[in-house]
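The chains referred to below are lettered A, B, ... by the order of the sequence lines, with proteins before strands, and numbering in each begins at 1.
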Amino acid sequence: MADLQPVRGTHDLLPDDMRAHRHVSDTARGTAALHGFDEIATPIFEFTNVFARTLGDTSDVVTKEMYTFEDKGGDMLTLRPENTAGVCRAFISNGLAQHAPVKYFYSGPMFRHERPQKGRLRQFHQIGIELIGAAQPLADVEAIACGHAILTDLGVVDKTVLELNTLGDTDSRAAYREALVEYFQGHLDKLSTESKDRLTRNPMRILDSKDEGDRKIVADAPIFSDYLNTESVDFFAAVKSGLDALGIKYTLNPRLVRGLDYYCHTAFEFTTDALGAQSAVMAGGRYDGLIGMLGGQETPGVGWAAGIERLAMLSGATPTADRPIVIVPMGEAAEAQALALTRTLRNAGLRTEFAFSGNMKKRMKHANKVNAWAAIILGDEELSKGVAQVKTLDDGEQKEVAMANLSAALPLLRAGDRG
RNA sequence: GUGGCUGUAGUUCAGCUGGUUAGAAUGCCGGAUUGUGAUUCCGGAGGUCGUGGGUUCAAGCCCCAUCAGCCACCCCA
């Protein structure tokens, strides 16, 4: 066992992992593009303020999970724990308000100092979309529809449930919050220690508590829907009817709240029970206050993020690498010829490798080991005749093909093999 | 951050109540005569038993610490 361990909660993506990973991000990128979301990339680190200001100083992410450090110039920087704040910062920095509404897709690493578990890493990867500058409920529907389509394309949508809730607008939320605090204050002695803490930091979180004592108290707590104003109710109704129109199923979950302060109105989460305690696969919502908090002109936005590792685990699909052709030259003259041939075949778009060491047996073995679908054998005899022996490895059949015809003939020989 | 389980060859694991040179499978390397792989046969390399202390005549097995993985909580993707 090597004594050099990777940093806790980080993972190497070896080719098999990488392919599974790419399968998720490539599929998502393609489907997002189909929905009009173009890819952007923002820096992996930002000034700490970008996150501290937007995520709120009560959230767990900010208070204990960020990788924050001072750089050599004395600036406080933070490795991004999520990408929405970065995208909104970019929106402001680049004066993109003039192009609003804009639709962006992103994919990349995020960092959170949490205790690792399966499906929960310190460096993990997310895909996500942001739709900035559209205040209409249809924008929320569009964002959810895009996410739903991606889950469908990945073949995991059946393993998930779309949970939906509204957090209302600022007024509704403030009124409800006040009522909640007042209610729980009256039951302070019976609340769990954790929930007492939540009461000051994020009272709505108490609704989600797993503590039995808490649950009893929660049962009689004020209900959010009683505090929603007409605007909030109408907005939510529009989102729901949009989803209905698209045939996207959802279940209402009044307990679905958000740890991050900037969310309002629509909150949604595609959850699964296939990943243990890590049930959230794709989560998002509306964040109308975020850009204002960052110092930009008040601009509405909606989006979601999804964990690539979790999606990859859910889908279980591990695409295999394209099988190569291996050229097996015997003798110096053949090796020179083989080099030229690799180039010809590669130019023709055929994945080609060169078995350059050992006797013929070794080279054939190599071809087998790299899972080649065909070996091209080139020796003195073949050279003198201007041909090559093409052996298809699955059926063991060998055919003589004129050198000049190789790149045209190979795809036909492979037609029977679609590995 | 809190609590619990686990940690033996590249990989998956075995190793009896502590007792001589720690095993298997698979993988890897080499061989079974000349230009043919994946099957078969033979041979070989590879582990300071996560790491550091301690108890003991003696520790992979016991104790402590530490690191990592996993599970639950917390939180979240």
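U21(B) and U17(B) are spaced 24 Å apart, taking the C1' atom of each and rounding to whole Å. Atom name C1', nucleotides U8(B) and G46(B): the rounded distance is 14 Å, in whole Å. Taking the C1' atoms as reference points, A59(B) lies 28 Å from A45(B), given to the whole Å. Taking atom C1' on both U51(B) and C73(B), the two are 28 Å apart, rounded to the nearest angstrom. Going from the P atom of G30(B) to that of U39(B) covers 15 Å, rounded to whole Å.
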Along nucleotides 33-44 of chain B, 5' to 3', which nucleotides get a B, which get an S, and which get a -, given that the test is a protein heavy-atom distance under 4.0 Å?
-> --BBBS------
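As the counterpart of G43(B), C29(B) is assigned, both hydrogen-bonding distances of the Watson-Crick or G-U wobble pattern falling under 3.5 Å. Nucleotide U20(B): unpaired (no Watson-Crick or G-U wobble partner with both distances less than 3.5 Å). Across all strands shown, C73(B) forms a Watson-Crick or G-U wobble pair with G1(B), both key distances being under 3.5 Å. With a cut-off of 3.5 Å on both pairing distances, A9(B) has no Watson-Crick or G-U wobble partner at all. If you check G52(B) for Watson-Crick or wobble pairing at under 3.5 angstrom, you find it paired to C64(B).
Heavy atoms of Gly119(A) sit under 4.0 angstrom from at least one base atom. When heavy atoms are screened at a 4.0 angstrom cut-off, Gly9(A) is found touching the sugar-phosphate backbone but no base atom. Using a 4.0 Å heavy-atom cutoff across all strands shown, Met282(A) reaches sugar-phosphate atoms only and no base atom. Contact annotation for Leu311(A): no contact, since no heavy-atom pair falls under 4.0 Å across all strands.
Salt bridge annotation for Lys249(A)-Asp244(A): absent, with no cationic side-chain nitrogen under 4.0 angstrom from a carboxylate oxygen. A salt bridge is defined here as a Lys NZ or Arg NE, NH1 or NH2 lying under 4.0 Å from an Asp or Glu carboxylate O, and Arg363(A) with Glu335(A) meets this definition. Salt bridge Arg29(A)/Glu39(A): present, at least one basic N to carboxylate O contact under 4.0 Å. A salt bridge does not link Asp322(A) to Arg351(A): none of the charged nitrogens lies less than 4.0 Å from a carboxylate oxygen. Arg112(A) and Glu82(A) are not joined by a salt bridge, as no carboxylate oxygen comes within less than 4.0 angstrom of a charged side-chain nitrogen. We find that Glu46(A) and Arg80(A) are not joined by a salt bridge, their nearest charged nitrogen and carboxylate oxygen being 4.0 Å or further apart.
One interatomic measurement links the two molecules: CG of Leu275(A) to C1' of C71(B), which rounds to 14 Å at whole-angstrom precision. A straight line from NZ of Lys362(A) to C1' of A32(B) spans 13 Å, rounded to a whole angstrom. For the pair Leu151(A) CG and A77(B) C1', the computed distance is 12 Å after rounding to whole Å. One atom, CZ of Phe124(A), and another, C1' of C75(B), lie 11 Å apart when rounded to the nearest Å.
Contact between the side-chain N/O atoms of Arg8(A) and the OP1/OP2 oxygens of G69(B) is found at a separation under 4.0 Å. Contact annotation: Arg115(A) does not reach the phosphate of A72(B) (side-chain N/O to OP1 or OP2, under 4.0 Å).
Proximity note for Arg198(A) (side chain, C-beta onward) versus C75(B), C73(B), G30(B): the nearest is C75(B). Listed nucleotides G69(B), C71(B), A77(B) differ in distance to Pro116(A); the shortest reach to its side chain belongs to G69(B).
A heavy-atom distance below 4.5 Å is found between the side chains of Arg8(A) and Arg122(A).
Remark: the Arg120(A) side chain and the C70(B) base include no donor-acceptor N/O pair separated by less than 3.5 Å.
The closest side-chain donor-acceptor pair between Thr10(A) and Gln123(A), if any, does not fall under 3.5 angstrom.
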